[in-house]
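Hydrogens, waters and symmetry mates play no part in the numbers below; they use all other heavy atoms, side chains included. Order of appearance sets the numbers: ligands from 1, and atoms from 1 within every ligand.
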Amino acid sequence: MRILFLGDVVGRSGRDAISALLPALKLELRADLVIINGENASHGFGLGPDMAEAMFAAGADAVTLGNHSWDRRELIPYIAQEKRVIRPLNFPPGTPGAGFIDIVLADGRRALVINAMGRLYMDALDDPFRATAELLSRYKLGASVQAIVADFHAEATSEKLAYGHSFDGTMSLVVGTHTHVPTSDHQILPGGTAYQSDAGMCGDYDSVIGMSKQGAAARFWTKMPGERMQPADGEATLCGVFVVTDDKTGLATGVEPIRRGGRLSQATPVL
Ligand SMILES: [Fe+2]
Ligand SMILES: [Fe+2]
């Protein structure tokens with residue numbers, strides 16, 4: 001299976017880049033499964049239902065979230081009926097929506113997509129490791145599903161690596177989100193799971209993690225709240241990771257970064 005994962009979409013520039021670039025990119029990469037983290041799409045905070053619809057129209061099969069899941073309250077009723085938008089698995093019991101989706105592709109292959117959230121330097125939540133292990137006990141990679149992908153939304157690289165190694169051999173891809181900066185540690189772990197600590201964002205990199213640099217920097221200088229943070233509005237770089245898996249095992253045979261448009265150095269997978 002050919003899997004494209006794109007990191008946190010930030011604001012209008014990120015949304016516009018998805019709409020403008022993803023349809024052709026999906027064809028170019030012959031991607032079977034496209035997953036986007038959408039937690040910052042709405043002005044940097046949350047995801048509007050219309051924005052999720054635009055991501056699906058551009059080619060996304062699933063949209064993941066994170067700590068900004070409920071910043072747009074309209075998403076609460078929406079996520080209850082739109083199963084393709086998922087929020088972290090380890091939110092408290094009774095939280096609307098689901099932490100995973102079992103997708104059936106047009107050709108009949110199945111993929112499980114999971115969203116989980118770390119706890120180091122994040123809000124207190126249930127244990128993402130045990131929640132993921134419990135979910136995985138109901139699926140068999142390479143048998144009941146051809147691919148399993150986890151978006152692990154976390155601040156600390158240590159927690160992301162611990163999560164990746166914990167599930168090495170039981171998933172196709174573990175990719176981190178939330179820091180909005182792509183890491184260059186993409187690799188296939190010894191057990192066959194593709195891994196990258198952070199996918200990076202789909203947003204303007206002339207910014208402080210996607211937000212206007214003046215406003216964001218002022219907070220560090222003054223320790224005052226200042227005005228509401230605004231997303232940077234320059235051209236976005238689409239950032240993410242592309243993975244090819246063996247359907248018989250569900251494990252990765254290749255992993256490469258993708259960076260397109262905007263300011264960052266460009267990277268095109270050749271898998
Ligand atoms: Fe984010
Ligand atoms: Fe986040």
Check your understanding: Salt bridge between Arg110 and Asp102, side-chain N to carboxylate O under 4.0 Å?
Key ->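 Here Arg110 pairs with Asp102 in a salt bridge, since their nearest N and O are under 4.0 Å apart.
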Exercise for review: Can you label the angle between the Tyr195 ring and the His165 ring as parallel, tilted or perpendicular, going by 30° and 60°?
Suggested key: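 Parallel, since the angle between the ring planes stays under 30°.
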Check your understanding: Under 30°, 30 to 60°, or over 60°: which ring-plane class applies to Phe91 and Trp70, parallel, tilted or perpendicular?
Key ->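 Because their plane-to-plane angle lies in the 30° to 60° range, the rings of Phe91 and Trp70 count as tilted.
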Review point. The Fe ion (ligand 1) to Asn40: any N/O/S contact under 2.8 Å?
Key: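 Here the distance criterion (N, O or S atom, under 2.8 Å) is met by Asn40, so yes.
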Exercise for review: Restricting to N/O/S, name the atom of His178 that gets closest to the Fe ion (ligand 2).
Suggested key: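 It is ND1 of His178.
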Practice item. Identify whether NZ of Lys or CZ of Arg in Arg84 sits under 6.0 Å from the centre of the six-membered ring of Phe56 and within 45° of that ring's axis. Key: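 Yes, a cation-pi geometry.
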Check your understanding: Could you go step by step and tell me if His153 and Asn67 meet the side-chain hydrogen bond (donor to acceptor under 3.5 Å, both in side chains) rule?
Key -> CA-CA 8 Å; His153 196 79; Asn67 53 305; 2.9 Å; yes
Practice item. Identify, by name, the N, O or S atom of Asp8 lying closest to the Fe ion (ligand 1). Key: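 Closest to the Fe ion (ligand 1) among those atoms: OD2.
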**Study point:** Asn67 N/O/S atom closer than 2.8 Å to the Fe ion (ligand 2)
**Key:**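 So Asn67 does bind the Fe ion (ligand 2) by this criterion.
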Review point. Rounded to 10°, how many degrees is the angle OE2/Glu39-the Fe ion (ligand 2)-NE2/His153?
Key: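 Rounded to 10°, it measures 90°.
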